[in-house]
J.: 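Below you'll find the structure I mean.
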2 protein chains.
Amino acid sequence: MKPTLQAVADAVGVSRSTVSNAYSRPDQLSAALRERILDAARQLGYPGPNPTARSLRRGFVGSIGVLFTSQLSYAFTDPFAVRFLAGVGEAAERHGTSMLLVPLPQAQTDARRAVENAAVDGFCVYCVADEEWALDVIRARGLPYVSTAPRDDAGADERFVGIDERAAAYSAAAHVAGLGHRRVALLADAVLPDAPAGPLTLSGPQEVWHPTTRGRLTGFADAFAEVGVDWAGLTLLNAPGNSRRAAAAAVAGLFDGPAPPTAVLAGSDVLALGVLDVLAQRSDGPVPPVSVTGFDDVPEAAAAGLTTVRQPAKEKGRIAAELLLDPPADAAANHVLLPTALVVRTSTGPVPRS
Amino acid sequence: MKPTLQAVADAVGVSRSTVSNAYSRPDQLSAALRERILDAARQLGYPGPNPTARSLRRGFVGSIGVLFTSQLSYAFTDPFAVRFLAGVGEAAERHGTSMLLVPLPQAQTDARRAVENAAVDGFCVYCVADEEWALDVIRARGLPYVSTAPRDDAGADERFVGIDERAAAYSAAAHVAGLGHRRVALLADAVLPDAPAGPLTLSGPQEVWHPTTRGRLTGFADAFAEVGVDWAGLTLLNAPGNSRRAAAAAVAGLFDGPAPPTAVLAGSDVLALGVLDVLAQRSDGPVPPVSVTGFDDVPEAAAAGLTTVRQPAKEKGRIAAELLLDPPADAAANHVLLPTALVVRTSTGPVPRS
DNA sequence: GCACCCCTCTGTATCGATTCAGACTGTATC
DNA sequence: GATACAGTCTGAATCGATACAGAGGGGTGC
C-alpha cells in the first residue's frame with residue numbers, strides 16, 4: 001500500500017489540508033511545519049500528491065495532446081512532422097506543460113474513444129486526413145484546440161496556424177512554368193481517401209479531398225492556367241501515405257510514355273525526394289532531365305538540391321502550442337498565417353530541347 | 001457546466017452505475033437500455049466518462065512517460081532520439097497507450113516535481129545525463145520503468161534495453177587501429193558534467209561521468225591499448241550537448257598543431273558529422289585526410305559516408321516500451337542486449353604517409 | 001481595553017467516475 | 001415446487017487529492 005497524503009497527515013498529526021498546502025501552497029503554513037511535513041513524507045516514502053487525484057480536483061491536467069490523424073509512428077518518420085513536434089515541445093517546455101502523443105487506432109469507434117479518453121487540457125491537431133470527427137469530440141469535451149489545416153467551416157474565433165497553401169504552391173508552379181515546362185505532373189498525398197498510388201482523374205482541384213492538398217493543387221493549377229495549361233492538361237498522381245515509397249509507386253511508368261512530363265510538382269518534400277530517388281535510378285541511357293519541386297523544405301531537401309517551398313515547420317508547432325497555452329486576448333490574433341518562400345535549388349531547370 | 005455521468009443517469013432515470021457500465025462494461029446491461037443511455041448522452045452533449053476521474057478510480061492512466069534527462073526539444077533534434085521515439089510510439093500504438101513527453105526544467109527541484117507529477121503508468125528513461133534522482137522518484141511512486149543506459153548498481157530484475165557499449169566501441173576503434181592510426185582523438189558528450197567543449201585530461205576512462213560515454217570510451221581505449229597506445233597517448237575531447245556545433249567547438253584548433261591526430265573517434269554520429277563539417281571547411285591547402293568514426297548509424301551517416309557502429313535505434317525504443325507494457329514473466333528476459341555492427345564507409349582509411 | 005486583522009491551521013464538501021456486494025426478476029433443473 | 005442460476009440493475013463505498021469558509025491565537029492601533 002503506497003502512502004497517501006492522509007498517511008502523512010496522520011504521521012505528523014496535522015490535517016490533510018495542511019499536508020496538501022505543504023506541497024501546493026507553501027505560503028499557507030509556517031516554514032517549520034512545512035519542513036516537518038516534508039521530512040515525514042520522505043520518511044514514509046510518500047512521493048508527493050497523486051497527479052491524477054490532483055488533476056481531478058484542480059480541473060486541469062498540465063499537458064496538451066498532439067493529435068495525428070494517422071499512425072503515430074508516421075509522426076516520427078515524416079521530417080516535417082518531427083520539426084513540428086519539436087516546436088510544440090519547445091513551447092510546452094517553456095510553459096512547464098507535458099505533451100501527450102495520442103495514437104489513433106484504425107477503427108473509427110476506437111479512434112473516437114482515444115480522443116475522448118486523452119487526459120489533456122487541449123489539443124494541437126495535426127491533420128493528415130479528415131479530422132472533423134476528432135474536432136467534434138474535442139468540442140464536446142469543451143477543450144480548446146488549435147488546427148493546422150485550413151477548414152472551410154472554421155469559425156472566425158477558431159485557433160489556427162498555417163500558411164497560404166494556394167499562394168505558396170503557386171509560387172513553385174509559377175517558377176516551373178516560367179522555366180518553360182508545359183507537360184507537368186502533380187503528385188500529392190490524400191487526393192482522395194483510399195485511392196491507390198498512381199494517376200487519378202478529377203474534374204478540378206476543388207474535388208480534392210484533403211484541404212491542405214486541395215490548397216496546394218489549386219495553387220499549382222492556377223499558375224499553369226495562366227500559361228495556357230488547363231487542369232485537364234496536367235497529370236494528377238496520388239501518393240497515399242506521403243512516403244518516398246508511395247511517391248515511387250505513384251510515378252511508376254510515368255516517364256516511359258511517348259511524351260513524358262518534363263516536370264513533377266510534389267505536394268511535399270518527402271514525395272519529391274521519392275521522385276528524385278526514382279529518377280536517380282533510371283540510368284538506362286541518357287534521359288532528358290526532369291524538374292522536380294517539393295514542399296516544406298525539410299532538412300534533407302537542401303542536401304538533395306531540391307527546389308521547394310519553405311514553410312517554418314518548427315515555428316508552426318511552436319505557435320500552435322503557444323496559441324493553446326497562452327491564447328491572445330485579441331480574437332483576430334488566434335488566426336496565424338506564416339510566411340513561405342520559394343527556395344530554388346538544382347532540381348529545377350529549363351525544359352530540355354528534345 | 002459540462003454534463004456528468006450523473007446527469008445522464010438522471011435524464012434516463014437509471015443509476016449512475018448503469019451509465020458507467022454502458023460505457024465500460026457493455027455486457028453488464030441490456031443492449032436496449034444501453035442504446036437509450038448512449039442516445040441520451042448524445043443529446044446532452046456528454047462526451048463520455050471524464051478521463052481523469054476514470055483514471056483515479058481505476059488506478060491506471062493508459063499512458064507511459066518518456067523521460068529525457070535534458071531539454072525536451074533536444075529529443076527532436078537528435079536523429080537517434082527521434083528513431084528511439086518512433087520505436088516507443090510503435091509499441092505504444094499497438095498497446096493502445098499514449099506517450100507522455102515530459103519536459104524537465106533546469107532547476108533540480110522543479111525537475112523532480114515534474115517527474116512526480118507526470119500522470120503515467122510507467123517510464124521509459126532515455127538518459128542523456130545523470131538520472132539516478134529520476135529513478136529514485138519513479139521508484140518512490142511505485143511505477144515500473146525501463147532504463148536504456150547501463151547502470152552500475154542496477155538490480156538484476158531491473159528492466160533494461162541497450163547494447164554492449166564497450167564491445168561496440170571497441171569494434172570501431174579496432175578498425176581504426178588496424179588502419180594504422182596511432183595519433184587519435186576521442187570525442188564525446190558528457191565526459192564530465194558541466195565541462196566546457198574542448199580537451200580534457202582524465203586519468204582513465206573509468207573517471208568518465210556518464211555511463212554510456214564511459215562504456216564507449218573504455219572500448220576505444222581498450223582497442224588502442226592493444227596496439228600499444230595507452231590512455232595518456234589519446235586526446236580526449238568533451239562536446240557537451242551532443243550537437244554538430246558542440247563537436248566543432250570541441251575540435252577547434254585540434255588539427256593546427258605540429259602532430260595533429262590522424263583519426264577522430266566520436267561517441268555519436270552527430271558529433272562525427274560535426275567533425276566532418278569542420279574538416280570539409282578546412283580547404284586551406286592540401287591537408288592529409290583525417291579518419292572519422294561515429295556511433296549509432298543515424299540516417300544522415302550513410303549519406304555522409306561515415307564509418308560508424310550501427311545500433312538498432314527504433315528497435316531499442318520499441319523494446320523499451322514493450323518491456324514496460326508487457327513485461328516478460330521470465331525475469332532474465334527483462335534485460336535485453338541488442339546487437340551492434342561496425343559499418344565501414346568512406347570516412348575511414350589508412351594513415352596517410354607524411 | 002476593545003476592535004480588528006493577520007497568520008496558521010482545520011473540517012467538510014467536492015471533483016467525476018468505478019467497483020462490488022447484493023436485490024430483484026424470470027427461467028431452467030431435478 | 002423448491003433450488004439454483006443467469007441476467008439486469010442499484011447503492012454505498014471509494015479512489016486521493018484540493019478549495020474554501022472559518023476557528024483560534026497573538027499582535028497592533030487608538
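Please read all numbers here as calculations on a predicted model, not as lab measurements. Here is how names work: the chains are called A, B, and so on, in the same order as the sequence lines, proteins then strands, and each is numbered from 1.
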J.: Figure out the CZ/P separation between A/R16 and C/dA13, and round it to whole Å.
T.: 12 Å

J.: Looking across every strand, which nucleic acid part, if any, lies under 4.0 Å from A/S17 by heavy atom: base, sugar-phosphate, or nothing?
T.: base

J.: Quick one: is A/T52 getting a side-chain N or O under 4.0 Å of the D/dC15 phosphate, OP1 or OP2?
T.: no

J.: Whole-Å distance between D/dG7 C1' and B/R25 CZ?
T.: 14 Å

J.: In whole Å, I'd like the distance from the CZ atom of A/R34 to the P atom of C/dC9.
T.: 12 Å

J.: Would you kindly give the CG-to-C1' distance between A/N21 and C/dC7, to the nearest whole Å?
T.: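 In whole Å, C/dC7 C1' lies 13 Å from A/N21 CG.
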
J.: Measuring to OP1 and OP2 of D/dA17, would you say a side-chain N or O of A/S55 lies under 4.0 angstrom away?
T.: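 For D/dA17, neither OP1 nor OP2 has a side-chain N or O of A/S55 closer than 4.0 Å.
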
J.: For C/dT29, which nucleotide in any strand shown is its Watson-Crick or wobble partner with both distances under 3.5 Å?
T.: D/dA2

J.: Can you identify which nucleotide, out of C/dA17, C/dT10, C/dT19, has its nearest atom closest to the B/A53 side chain?
T.: C/dA17

J.: Expressed in angstrom and rounded to an integer, what is the separation of B/E116 atom CD from D/dG16 atom P?
T.: 17 Å

J.: Do B/E93 and A/S73 have side-chain N/O donor and acceptor atoms under 3.5 Å apart?
T.: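 Result is yes, a qualifying pair exists.
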
J.: Remember a base hit wins even if backbone is also touched, and classify B/T18 as base, sugar-phosphate or nothing at under 4.0 Å, heavy atoms.
T.: base

J.: Side chains of A/Q6 and A/D10: do they bring a donor and an acceptor to under 3.5 Å?
T.: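 There is such a pair between these side chains.
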
J.: Would you say A/R57 places a side-chain N or O within less than 4.0 Å of OP1 or OP2 belonging to C/dT14?
T.: no

J.: Just the rounded figure in Å: distance from P of D/dA17 to CD of A/Q6.
T.: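 My rounded result for the distance is 10 Å.
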
J.: How is B/T4 classified with respect to the nucleic acid when contacts are heavy atoms under 4.0 Å: base, sugar-phosphate, or nothing?
T.: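 Result for B/T4 = sugar-phosphate.
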
J.: In whole angstrom, what separates A/L56's CG from C/dA17's P?
T.: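 Answer to the nearest Å: 9 Å.
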
J.: In whole Å, what is the span from the CG atom of A/L29 to the P atom of C/dC7?
T.: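 Checked: the CG to P distance equals 13 Å.
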
J.: According to a strict under-4.0 Å criterion, is A/S24 in side-chain N/O contact with OP1 or OP2 of D/dT18?
T.: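 Yes, A/S24 has a side-chain N/O under 4.0 Å of OP1/OP2 on D/dT18.
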
J.: In terms of the angle between their ring planes, are A/Y46 and A/Y23 parallel, tilted or perpendicular, with boundaries placed at 30° and 60°?
T.: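 Judged by the thresholds at 30° and 60°, the geometry between A/Y46 and A/Y23 is perpendicular.
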
J.: Any ion pair linking B/R139 and B/E131 (charged N to carboxylate O, less than 4.0 Å)?
T.: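 No salt bridge links B/E131 with B/R139.
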
J.: Under the 3.5 Å rule, do the base of D/dT18 and the side chain of A/R58 count as making a donor-acceptor pair?
T.: no

J.: Would you call B/R36 and B/D39 a salt bridge, taking side-chain N to carboxylate O under 4.0 Å as the test?
T.: no

J.: What's B/Y46 touching, base or sugar-phosphate or nothing? Going by heavy atoms closer than 4.0 Å.
T.: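 Sugar-phosphate, no base atom in range.
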
